[in-house]
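Single-structure report; data block below.
These values consider heavy atoms only, across backbone and side chains, with no hydrogens, waters or symmetry-generated copies. Sequence lines set the chain letters: A, B, ... in the order given, protein chains first and strands last, and positions in each chain run from 1. Worth saying up front: this structure is predicted, and the values here are computed from it rather than measured.
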Amino acid sequence: MKIEKIKTELLIIGGGTAGCYAALTASENADVKILICEKANIERSGCLAAGVNALNAYITEGRTPQDYVDYAKKDAAGIVRDDLLYTMSERLNKVTKRLEELGLVILKDENGRYAARGNRNIKINGENIKPLLAAAVEKLPNVMVLNRVNVIDFSVRDNKINGAFAIGIENDTFYVIEAAAVIVATGGAAGLYKPNNPGFSRHKMWYPPFNTGAGYAMGIKHGAEMTTFEMRFIALRCKDTIAPTGTLAQGAGAKQINSLGEVYETKYGLTTSERVYGTVTENIEGRGPCYLKTKGISPETEESLLKAYLNMAPSQAIKWIESGKKLSEQNVEIEGTEPYIVGGHTASGYWVDTNRATTINGLFAAGDVAGGCPQKYVTGALAEGEIAALSAVKYIAENAADTIDESEINSHISEIKKFTGENHSRFSTERLEEAMQTVMDSYAGGIKTNYRFNEKQLDIADYKIRQLEKLSENLHAEDLQELMYIYELRERLTVCRSVIAHLKARQETRWHSFAENLDYPEKDEKNWNKYVNSRLENGEVKIILRELTKEGQRTYEHSN
Amino acid sequence: MSIAIDKSKCVGCGRCHEVCPGTLIKIGGDKKAYIKYPKDCWGCTSCIKECPVYAISFYLGADIGGMGSMVHTEKKDSLLCWIIDHPDGVKTEIDIDPKESNKY
């Protein structure tokens, strides 16, 4: 394995939505050397690979950023950071404009204004949204992109980040990257829980299966404070294809009905978690399966919907076509996905200040890895990329870069040698991944238990995940891709332990389904209007409870 | 779901290999692309849209209700055309204008 040392000023880990926009912002606002490390290829990587057909976070005419804050706060039952939501919300329209300038097609009304879908959404043709963003990044003179390079660890000394270590997936190179500041934008974590269809279609999931929680895991290992990992995200999706339901529900006005034809959504409430919970409960009580009622929609609507799905989730369009029945002749069955940890939809992730600085000096977080700020969607991730970039650039101007110790380099190389050399394991990485997903499914509130859990189960989950962590130390890789899979599994196991600790810590049920604790089935506003945060200390997840931000609070600084 | 690459059409340009977000597509000794990890496909269809000779199709696994149709896209003037080849030989074509936004 070749060793390559790179010196840069700003390292961006992950060239997805937030990472690309951070590069654009930093490049335009300062004369700094920027390096993007991307596990795939920024052209089609991250959440936008398949495309999207709406921008779900936009301040429509007559609305204000504060309205968006209020909406997101209500949806998360109060466990959000007001300052983070506000600073994101006030940028949503600006970043949208920028996307349009980059070439994104946005639907306009007869007056030339963006056509709204409800109060917060606008409609687009987003099939090529990622290639547009990537092309803009590739034009920047001071940005270097390393595609197919997987970052495996940060370099942190005295709680200050000095860069990162990475391994080529297609070239046999170990990268030592020194940087004055780092933005982590790796996305959230999929693949912790057993998926809806664990066989051939195991990766037909809502969130990118290649987002393995690397950013979370690296931060956790170095003692970064994390928040709200107990607020898992479960998406309500079209059954089997796991395609979006919003286009049918908000776009075409299709209602959630049970197998008796009764509209049940109003019975359980309309927040994101309540919609999932209602569907689960209808099934438990014998009124399943549940559907979105599309029977009887007009031929024009039907055709438009088919095209909309081809642009973002073609498998659902194909499913309709293959079934031989039109969308207007059959309702669309829906189900909840397995749980994910994703800060773009819930509040899980790095504990950051208003500038998106994490608790590790020089490390900033944006997009799905950043916590406290749910309902980001695409535009919110762009907005956070912008904020993090501006903060990182300022930090670079004020702080001198340090070097990485040789000893740290050597310890990583010997670890890699162990995985690719003498290690022997009775189990493959794939088998251990399945074992992890089974543990989480059975004991930490997966699909199997209708997302519910109790403390005893969580204790078993923790015990078993630790066992798997131990087993993972002996895994063997035949090639670079298998080596990446070992690191990914170990990242997921690290995240699992934090999720379990957080689920156990919040002794209430703040959100149905997302964190349904059977030992504490009620919401407890008196004791639990708090953030559940954590930090790894001596190998144990230490829980830290913090007070919620005040209504209208605009800034938050790290303390102790 | 996963993809199938028609070796007789593949010209070995490597575009699919370049764009796959999961690093799942490799170029074999015969200079043709193949999918090394079919179960790991997310179904994003990036490779299908990028293939210049329309050699890649996708299909739904039987575990999620697939009936055996193969799907690919072709560029027709300025339109993106989705072509669904059903197992009984019937073909469905749907044209999408990339300049036209989703209406829902």
Side-chain angles (χ1 to χ4, degrees), chain A residues 39-41 43-46 49-51 53-54 105-108 115 117 123-128 130 147-148 169-170 196-197 199-205 208-210 239-242 247-248 250-252 301 304-308 310-315 317-319 321-323 481 484, chain B residues 1-2 15-24 26-27 36-50 57-73 80-88 90-104:
Chain A
K39 179 157 77 168
N41 179 321
E43 258 191 272
R44 293 266 187 189
S45 64
N53 75 0
V105 173
I106 304 180
L107 187 68
K108 304 264 176 63
R117 178 178 100 179
K123 303 164 199 173
I124 62 172
N125 181 328
E127 186 283 311
N128 63 346
K130 190 65 207 295
N147 287 317
R148 308 278 173 212
I169 304 163
E170 291 184 326
N196 292 88
N197 299 288
F200 181 76
S201 300
R202 65 185 184 183
H203 272 188
K204 190 74 214 94
M205 53 175 65
F210 317 115
K239 191 171 186 315
D240 297 333
T241 61
I242 318 296
T247 306
L248 298 170
Q250 285 117 52
T301 308
S304 276
L305 284 172
L306 197 61
K307 289 184 175 179
L310 281 172
N311 274 339
M312 59 162 181
S315 46
I318 305 314
K319 194 163 178 178
I321 293 167
E322 282 204 309
S323 75
Q481 189 134 353
M484 172 175 76
Chain B
M1 67 170 287
S2 194
R15 273 303 282 156
C16 54
H17 161 81
E18 268 172 40
V19 297
C20 175
T23 323
L24 309 175
K26 308 287 175 188
I27 307 293
K36 189 172 176 191
Y37 307 93
K39 273 167 76 176
D40 290 345
C41 175
W42 185 29
C44 73
T45 66
S46 296
C47 57
I48 291 167
K49 292 170 193 161
E50 296 291 341
S57 306
F58 84 88
Y59 58 95
L60 301 186
D63 57 342
I64 58 169
M67 300 291 284
S69 298
M70 302 298 286
V71 185
H72 75 281
T73 59
L80 182 69
C81 179
W82 289 82
I83 300 161
I84 299 108
D85 287 300
H86 301 258
D88 58 4
V90 177
K91 215 184 248 286
T92 309
E93 292 194 25
I94 299 165
D95 293 339
I96 294 184
D97 183 348
K99 299 228 162 25
E100 209 173 278
S101 165
N102 156 49
K103 293 183 185 58
Y104 291 92

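Contact count versus chain A (heavy atoms, under 4.5 Å) is highest, among Pro87(B), Gly43(B), Cys20(B), Ala62(B), for Cys20(B). The greatest number of non-hydrogen atom pairs below 4.5 Å with chain B, out of Lys204(A), Arg148(A), Lys307(A), is found for Arg148(A). With respect to chain A, the highest number of heavy-atom pairs below 4.5 Å among Lys99(B), Glu100(B), Lys36(B), Lys49(B) belongs to Lys49(B). Across Ala308(A), Ala50(A), Ser201(A), Ala317(A), the residue that shares the most heavy-atom pairs under 4.5 angstrom with chain B is Ser201(A). In terms of non-hydrogen atom pairs under 4.5 Å with chain A, the most contact-rich of Gly65(B), Gly61(B), Ser46(B) is Ser46(B). Per-residue heavy-atom pair counts under 4.5 Å with chain B were compared for Ser45(A), Gly51(A), Pro209(A), and the maximum is reached by Pro209(A). Ranked by non-hydrogen atom pairs under 4.5 Å with chain B, the options Arg117(A), Met484(A), Met312(A), Lys108(A) are led by Arg117(A). Ranked by non-hydrogen atom pairs under 4.5 Å with chain A, the options Val19(B), Ile94(B), Thr23(B) are led by Thr23(B).
For the pair Ile321(A)/His86(B), a side-chain contact is recorded, criterion being any heavy-atom separation below 4.5 Å from C-beta on. Trp82(B) places none of its side-chain heavy atoms less than 4.5 Å from the side chain of Leu306(A). Using a 4.5 Å heavy-atom cutoff, the side chains of Asn196(A) and Met205(A) are not in contact. Counting only heavy atoms from C-beta outward, the side chains of Cys41(B) and Phe58(B) never approach each other to under 4.5 Å. Between Arg44(A) and Cys44(B), the closest side-chain pair of non-hydrogen atoms is not below 4.5 Å. A heavy-atom distance below 4.5 Å is found between the side chains of Tyr59(B) and Ser2(B).
Proximity to chain A involves both the backbone and the side chain of Trp42(B), based on heavy atoms less than 4.5 angstrom apart. For a residue to count as touching a neighbouring chain, one of its non-hydrogen atoms must lie under 4.5 Å from one of that chain's; by this rule Ser69(B) touches chain A with backbone and side chain alike. For Val71(B), the part lying under 4.5 angstrom from a heavy atom of chain A is the side chain only. Using a 4.5 Å cut-off between heavy atoms, Lys239(A) makes no contact with chain B at all. Neither the backbone nor the side chain of Ile242(A) has a heavy atom closer than 4.5 Å to any heavy atom of chain B. For Gln481(A), the part lying near chain B is the side chain, with the backbone staying farther off; criterion is any non-hydrogen pair under 4.5 Å. For Ser323(A), no part lies near chain B; criterion is any non-hydrogen pair under 4.5 Å. Of the two parts of Leu310(A), the backbone and the side chain both hold a non-hydrogen atom closer than 4.5 Å to a non-hydrogen atom of chain B. Residue Thr73(B) does not touch chain A at all, counting heavy-atom pairs closer than 4.5 Å. For chain A, the nearby part of Thr92(B) is the side chain; its heavy atoms alone come within less than 4.5 Å.
Counting all heavy atoms, side chain and backbone alike, Ala252(A) lies closest to Thr301(A) at CB-CG2, 4.3 Å.
At distances below 3.5 Å, at least one donor-acceptor pair connects side-chain atoms of His203(A) with backbone N or O atoms of Asp40(B). The backbone N or O of Glu127(A) sits less than 3.5 Å from a side-chain atom of Asn125(A), completing a donor-acceptor pair. The closest donor-acceptor contact from the side chain of Asn41(A) to the backbone of Asn147(A) lies at 3.5 Å or more, if one exists at all.
Heavy atoms of other residues, nucleotides or ligands lying less than 6.0 angstrom from CE of Met67(B) number 12 at most.
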